[in-house]
Structure formats: C-alpha cells, structure tokens
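Right, one structure below, let's go through it.
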Amino acid sequence: MAEVVLAVERLSRNFGGLAAVSGVSLECRMGEVHAVIGPNGAGKSTLINMLSGDLPPTSGTVRLRGRDVTGLTADRISRLGVGRSYQKTNVFLPFTVFENARIAAQSRLASSLRFFRPATALRAVNEAAERAIAAAGLEGREGATVASLSHGEQRQVEIAMTLATDPTLLLLDEPLAGMGAEESARIVALLQRLAADHAMLLVEHDMDAVFALADTLTVMVNGVVLESGTPERIRSSQAVQDAYLGGDEAHD
Amino acid sequence: MRSDRAATVLLIVVLLALVALPAVAGKYYVQLATKILIMAVFAMSLDLLVGYAGLVSLGHAAFFGFGAYLVALAAPQYQAANFWTSLPLAVGGAALLAAAIGFFAVRTQGVYFIMVTLAFAQMVYYVFHDTKIAGGSDGIFIDVRPDTALFGWTPFDLANFVHLYFVVLAVFVAAYLVLRVVLASPFGRVVQGIRVNEHRMKSLGFPTFRYKLVAFTIAGAVAGLAGYFGAVQYGAVNPEMLGWHLSGSVLMMVILGGMGTLAGAVIGAAAFLLLELVFQGLSEHWQLLMGTTIVLVALFLPNGIAGLAWPLQRGRSG
C-alpha cells in the first residue's frame, strides 16, 4: 500500500469553551484523495488550519511522513512539502499572475536572502511558476494583474500558487467555491491528474465533485467525525443521510 | 515599459543637472542641494520599510542620529576622525542598532510597530540627551571634518563645500542604485510580498520575521549613512538628530513624495525641504502651511507627488 503522508491522531481545538474540532483522526496516503465534508460549522476549516500550521492544536498529533509536526508554524510546515489553498482567495492582488506563482516557487529556495541578482533571473523558479500556471489553466494570463481577474480566475491563481511550491500533500479548502460550471470541471480534471502523485486532503461543498474525486470521505458534524470510509459506504450510511446528505443544505 | 524609459530619461537629466550645479550655483544653493541629497538618502531608507515592506516606522531618526553621533565619537578631541574607518563604523553601528531594535519591533504589527519603534527611538534619544556622552543635551561640535587621507594622498576635502557636495551626490547615486538592485532581488520580492499579504507569505513557506528583520537592518544602515554626512555637513551633532520630530519629518517626506517608489522618496525630501524654506519666508506660522500641504497631498494625491508622474507604478512588479 502507498505511503501514509498525513496521519492525524485525536486532533482537537478549543476556542474558549467551544470544541471546534474534537478528537479527529484520519490518514491520507500518497495518491489518495481524502475529502472532508460536513455542514457549515462542522470544524472543517479549523481542522485544515491546524494541518497547515495556521492554528496550533489544543491537543492531538499531526504527522507528515512519520514526522511529528504538531504545532509547527505555517512556514515550517509548508517547507516540509505541504501546499495549502484557502477558501477565501488569499493571493497578492496588486501583483501579476506570473509574480504570484513566481514568488510561490521562490519559496523553495534554501534561502531568499539573496540581494544582488534579479529575482526574475532564477531560471528554475521561473520554470516552476510557468508549469504551475499552465497546470491551473492560466496560460496567456501571466501578465495580468490578479486584482483585474474574475473571481474564478483568482481561484485558479490560488491553485497555481499552491502547485508552484511543489508540494507532496495538498490541503485544499473549498477549491471550487465561487467557480462557474466550466471552471469547476476544469479544476476537477486538474485535481484528478494531480491525485496520482500527490496526497490530497480536500474540503468541498460541491458533492458531485467530491464523489467524482474522493477515494475516502470523512464526514464531520459539530467538530467530531461522524463517519469515515469509501464513497459507497458514506452514501449508504444512515447516520450521514440523517445528519447531512439527506438534509436541505446538501448543496449549500 | 514606456513609463520606465521615461523615468530613466528623467533620471539622467536630473543627474546631469546635479553634476552641473556647482558650476552655475553659489555656495548657498550647493549646500542646500547637499542637504536635500542627504535627506533623500534618509527618506529612501525609510521608504524601503514603509513603502516596500509595509513597516511604518516612527523611530527612523534613531539610526540617522546614531550614524551622526558616531562621526563625533570616532574623532579624538579637537582632531579629525579617519573618513575610511569612521564611515563603515557609522553605517555598521547604525545597522547593529537597527538589528537590536528590529529584533523586538518586527514581531509587532501595524500600530504596535509604530509605537515600539517610537519608544525605542526615544530611549536612544534620552541616552544621548541625559548622559554626558557627546555633550548631553547640548550635543557636540565636530571640530574638524573627517580626514580622507589615504596613504598620504587626500582624494577630497570634506571641509570644502563643493567636494562634500560631490561626495554626497556619489553616495546618493550609489544608495539609489543599490536599493534598486536589492528591491528587484529575491529578497526584495519577498519583502514586497510581505507588505501585500504577510499571512500568505508564511503559508508559502517564508519565515517572514527573518526577512523583515533584515529589511529593518538594511534601512537602519542606510539611514546611518545619511546621518554620517548629515553630521559632516552640519559640523555638529545634537540629540534632536535622533528625535521623533525628525522621524516624523522623514515619514512626511516619504508620504509627500509617494510611498513605494524610491524616486518618490527623493522627490518628497526635495519638496519638503524646499517648501519649508518657502513657507518660512512667507510666514512665522510656516508649520501651519506645511501641515496644510501635507494634509492636502494625503487627501488628493494618495500616491504622493510621484504618483502624478507614475500613477500605476506602485506595487506593480513581475
């Protein structure tokens, strides 16, 4: 079986008296797409924030390829091969598409404390940026300022930046949020291609995309795991039907 | 880009005019131009923080003043300091001070950063104001300008106002070019990314503290360089060269000229000092006129005076 890239054990996060995430355990292997679904407020974003180092956990452990990374800062975790995209577009609006991907690719240099040669002369960095832009379907848009792009294109920039860091594990927080049908289909196809040589943890509300992509699903409700397993098992689970899938908010 | 070419042409014209200045202008104007160039270097160093890294410092005079004091402290009493050792000492000393202050300051954000830089600068001010170091609150005269002799050869004389002008002009051009190169480097791009979205820079794997600290240190070093020549020209140092009043003035120069363009900082320094002169000639209450001008620029020219010429320059990189 493929290597376990991400192993999460009994991870919890409290905000004051509120347990936003409580005792969540899950695994994600190389080549696997693991989708985390659940209604709003289930703790999915809090979970992903702990995995990416944006938020320190209250308790529990996070292991990357066997290494304990619990509580490491976001920059350390990123450099260990974790690429994260954000639910709310989190890019460099005044910069061009190319510069957004380029600065992301530049993060893989051992150090950016280089002062005297132009950043744009780093050939390997430029190539990584171009590959990421092409993969995200933004070819031809390199010179455009990100602030001038449509919402869907900005989402693609978000993905291009994540890819430009050449991650092993992708943490994607609602990559399809706010995308049109055509853009969504393109991103789903991209994610399917990426799945082969990445481990992917996906939070997504678009159930068609989730069932098209995911090898494993974890359903969260109120900060705890309600059910975890293959898409078939989740589809047929009565508890999931009652709590989530059958409900009115299935496609919110 | 066309605006880039226009800017280059303008730059060369301005540079030629500056080189020709002592041939056509009297001592007063040459000395005024020297002062403007020194303040322009100082303003560019602050622009690196405010305009490029997004770090609004209200204590930048600490490094200017420290560089200035090191001219006086490097000289034996009634004798000249050695130019070739005192200059690196002033720049290095200001850099060390900036690294020490920055180590604490760049951990804070926004208004807290402003407060912490102000507080540290005031501490430095009172060290020189309230102790006997270099004359306490009165400051100290620099009796003899630094000696530039190199193995018996004296390339220029800093007591000669024309020589000083050309040395300062060379320092100004060098500082401008070095900052331009640094801003286009991998380091410079990281710093600008931090201004736009520090959170994203962290999640992309950049330890942002380190880069902000290095930017703060470089800015302090360049401010110390300006301070060195400020002291040489003025012929004296006093605690006001470290004070928050000067920190505020240099911040106004950067805002007036336009943040995030080095040319803006230069234009701002020139405009500030020239307006000060004009307004002082008009009225006793010249600071009222100065304040009004700053408010009007802030309201109607959010990209400063330079924004008139290059409205889209700011933040456009890559």
Side-chain angles (χ1 to χ4, degrees), chain A residues 49 52-54 73-86 88-122 125-126 129 142-147 158 161-162 164-167 171, chain B residues 1 4 48 51-54 95 99 107 174-175 177-219 221-222 259-261 302-303 311-318:
Chain A
N49 280 338
S52 65
D54 283 289
T73 52
D75 57 295
R76 297 274 308 276
I77 287 183
S78 166
R79 295 176 84 87
L80 291 169
V82 177
R84 150 145 212 203
S85 77
Y86 287 82
K88 193 165 164 285
T89 307
N90 191 354
V91 295
F92 302 94
L93 289 174
F95 294 172
T96 61
V97 170
F98 182 74
E99 179 62 9
N100 271 267
R102 202 203 58 76
I103 195 93
Q106 190 188 310
S107 71
R108 299 303 110 171
L109 295 178
S111 165
S112 280
L113 289 175
R114 302 187 186 186
F115 301 94
F116 298 110
R117 276 191 56 210
T120 47
L122 300 163
V125 170
N126 289 345
E142 290 86 348
T145 303
V146 174
E158 179 83 39
M161 288 173 75
T162 307
T165 62
D166 192 23
L171 302 174
Chain B
M1 255 183 293
D4 266 12
L48 174 67
Y52 289 96
R107 291 167 197 275
L177 292 177
V178 167
L179 286 174
R180 276 285 287 264
V181 167
V182 167
L183 283 167
S185 73
F187 168 77
R189 292 301 180 88
V190 170
V191 164
Q192 292 168 71
I194 290 171
R195 182 197 76 226
V196 174
N197 191 343
E198 180 170 3
H199 171 237
R200 187 53 155 157
M201 289 303 281
K202 277 187 193 162
S203 89
L204 286 174
F206 292 103
T208 56
F209 168 77
R210 187 179 306 170
Y211 295 100
K212 289 196 289 184
L213 180 57
V214 172
F216 197 81
T217 304
I218 293 173
V222 178
M259 292 178 282
T261 61
N303 295 320
L312 295 172
Q313 192 97 340
R314 186 176 191 275
R316 195 168 69 178
S317 50

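Worth knowing before you read on, the calculation uses all heavy atoms, side chains too, and leaves out hydrogens, waters and symmetry mates. Order of the sequence lines sets the chain letters (A, B, ...), proteins ahead of strands, with each chain counted from 1.
At a 4.5 Å heavy-atom cutoff, A/Arg76 makes no contact with chain B through either its backbone or its side chain. There is no contact between B/Leu183 and chain A, counting heavy-atom distances below 4.5 Å. For A/Leu80, no part lies near chain B; criterion is any non-hydrogen pair under 4.5 Å. At a 4.5 Å heavy-atom cutoff, the contact between B/Val214 and chain A is made by side-chain atoms alone. When heavy atoms are compared at a cutoff of 4.5 Å, A/Leu122 approaches chain B solely by way of its side chain, counted from C-beta outward.
Judged by distance alone, with hydrogens and angles left aside, the side-chain atoms of B/Ser185 form a donor-acceptor pair with the main-chain N or O of A/Arg114 at under 3.5 Å. Using a distance-only test at 3.5 Å, with no hydrogens or angles considered, a donor-acceptor pair links the side chain of B/Asn197 to the main chain of A/Val91.
Minimum interatomic distance between A/Met161 and B/Leu204 (heavy atoms only, all atoms of both residues): CE-CD1, 3.7 Å. In plain terms, the two heavy atoms of A/Arg117 and B/Pro186 that are nearest each other are O-CD, 3.1 Å.
Enclosure of atom CZ in B/Arg180 is not indicated, since only 12 or fewer non-hydrogen atoms of other residues, nucleotides or ligands lie within 6.0 angstrom. Heavy-atom neighbours of B/Arg210 CZ from other residues, nucleotides or ligands within 6.0 Å: at or below the threshold of 12. Within 6.0 Å of NZ in B/Lys212 there are more than 12 heavy atoms belonging to other residues, nucleotides or ligands.
The distance from the CG atom of A/Asn100 to the CZ atom of B/Arg200 is 8.5 Å, given to the nearest 0.5 Å. Rounding to the nearest 0.5 angstrom, the gap separating the CZ atom in B/Phe206 from the CG atom in A/Asp75 is 10.5 Å.
The shortest distance between side-chain heavy atoms of B/Gln192 and A/Phe92 does not fall below 4.5 Å.
Highest contact tally toward chain B, considering only A/Ser52, A/Ala74, A/Ser112, A/Ser107, is held by A/Ser112 [criterion: heavy-atom pairs under 4.5 Å]. Contacts with chain B were tallied for A/Ile103, A/Asp54, A/Thr73, A/Thr165; A/Ile103 has the most, counting heavy-atom pairs under 4.5 Å.
Note: B/His199 and A/Tyr86 have perpendicular aromatic rings, judged against thresholds of 30 and 60 degrees for the angle between ring planes.
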Legend entry - Worked verdict on A/Ser111 versus B/Tyr211 for side-chain contact (heavy atoms from CB on, under 4.5 Å): CA-CA 10 Å; A/Ser111 165; B/Tyr211 295 100; 4.3 Å; yes
